[in-house]
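Note that ligands are numbered from 1 as they come in the structure, with each ligand's atoms numbered from 1 the same way.
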Amino acid sequence: MSRPLTATIDLSALRHNYQLAKRLHGGRALAIVKANAYGHGAVRCAQALGDIADGFGVAAIEEAIQLREAGIRQPILLLEGWFESSELALIDQHDLWTALHSLEQIDAIEAASFDKPLHIWLKVDSGMHRLGIHPDDFETAYRRLMASGKVGKIVAMTHFSRADELGCDTTAEQIARFQAAIAGLALETSLSNSGGVLGWPGARGDWARPGIMLYGGAALDRQLPDWPKPVMQLDSRLIAVRELPCGEAIGYGAHFVTSAPVTRVGVVACGYADGYPRVVPTGTPVLIDGRRSRILGRVSMDMIVVDLSGFDDAGVGSAVRLWGEGLTADEIASAAGTIAYELFCNVKRARLVYTD
Ligand SMILES: *Cc1c(COP(=O)(O)O)cnc(C)c1O
């Protein structure tokens, strides 16, 4: 018997979520599949979206080339652009689209030669203050690129810092700064990540860039009626069952001590080496045969102990769901003080299985 930890990826839910993003936003959408599709498997996810996606977004050229080598022919955008100018030849060769976020990168384009016209997403820093050209420099950057003779198309893009916070003014301010930067230029635009798609009708552009919502993670601080479905089910099984008397400590650091005359507990094959967060406390929910129970004591590297009080039918081999349908990754993420993005990206060692 092999270790039972499995991440089952529901590709029809992924397709549903992509179509939801397109329907809410209108226009076209790049499915963001960076970081191995947030841990869901970039090639399989891109293939599953192959006939419906308008294109894909990745963080690095290696990720783009992996998709090209797997036969993905749609547009692929490098969301952070290139890191060294030697990548420009590969961008040309693999027919990639690239973000451009600094004036120095325009110098590099002017100095290079290309077989095909470049497709540039010119990034404006509208307030995130990570990557992007100052709004005042946007028009100059645009004119220099057009004058270089090397660029076929320019899309204006920006990225939100607080689109997940529905009550916050920052997104509206960023939209206004972006619109002012591109005023008078007839350009296609792209503003919205998942939070923008779900929560900000004023942030529509020609292209959406949904990431986390494709995978069913919360992109807003409030759930709305149109909401993505979970895609990853992280499942394992009980590998041992114990009955402990009162006053016995469980796991590293003795963080949980039994108080009932008899406490029945189960041991689950999943731990922090699989990407389950170590920091969650006793009481964090888990599903056993589809019903909610709780973890007891510290998460260890390969195992978690769970409460089987009231689960008389559960035994070795019983199904345990760490997150997925019925128990969202967001709930576990908030117990860990983080976001589902990080949990998904951290999943490792689990067998990845795909269902249609
Ligand atoms: C990662 C990323 C996205 C997707 O963000 P989500 O919050 O996951 O939807 C969109 N745009 C850019 C530039 C990104 O880096």
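In terms of N/O distances under 3.5 Å, ligand 1 is approached by G211.
Counting protein heavy atoms only, atom 5 (O) of ligand 1 is closest to N193 CB, 3.5 Å. The protein non-hydrogen atom at the shortest distance from atom 11 (N) of ligand 1 is R209 NE, 2.9 Å. Nearest protein heavy-atom contact of atom 7 (O) of ligand 1 is Y341 OH, 2.6 Å.
Contacts between H159 and ligand 1, counted as non-hydrogen atom pairs separated by less than 4.0 Å, involve the side chain only. Residue contacts with ligand 1 for K34 involve side-chain atoms from C-beta outward but no N, CA, C or O (heavy atoms, distance under 4.0 Å).
Side-chain contact, W323 with E331: no donor N or O sits under 3.5 Å from an acceptor N or O. Judged purely by distance below 3.5 Å, without hydrogens or angles, the side chains of T158 and S126 pair a donor atom with an acceptor atom.
Other residues, nucleotides and ligands place no more than 12 heavy atoms under 6.0 Å from the CG atom of D313.
When all heavy atoms are compared, the tightest approach of A203 to S192 is O-OG, 2.9 Å.
Of all the atoms in ligand 1, the ones that sit under 4.0 Å from a non-hydrogen atom of I212 are 6 (P), 8 (O), 9 (O). Taking a cut-off of under 4.0 Å to the non-hydrogen atoms of Y38, the atoms of ligand 1 that pass are 1 (C), 4 (C), 5 (O), 6 (P), 8 (O). Using a 4.0 Å cut-off to heavy atoms of S194, the atoms of ligand 1 that qualify are 6 (P), 9 (O).
With salt bridges taken as basic N to acidic carboxylate O contacts below 4.0 Å, none links K123 and E80. Comment: K229 does not engage E325 in a salt bridge, judged by the lack of any side-chain N to carboxylate O separation of less than 4.0 angstrom.
In this structure, CG in D92 is found 5.0 Å from NZ in K116, a value given to the nearest 0.5 Å.
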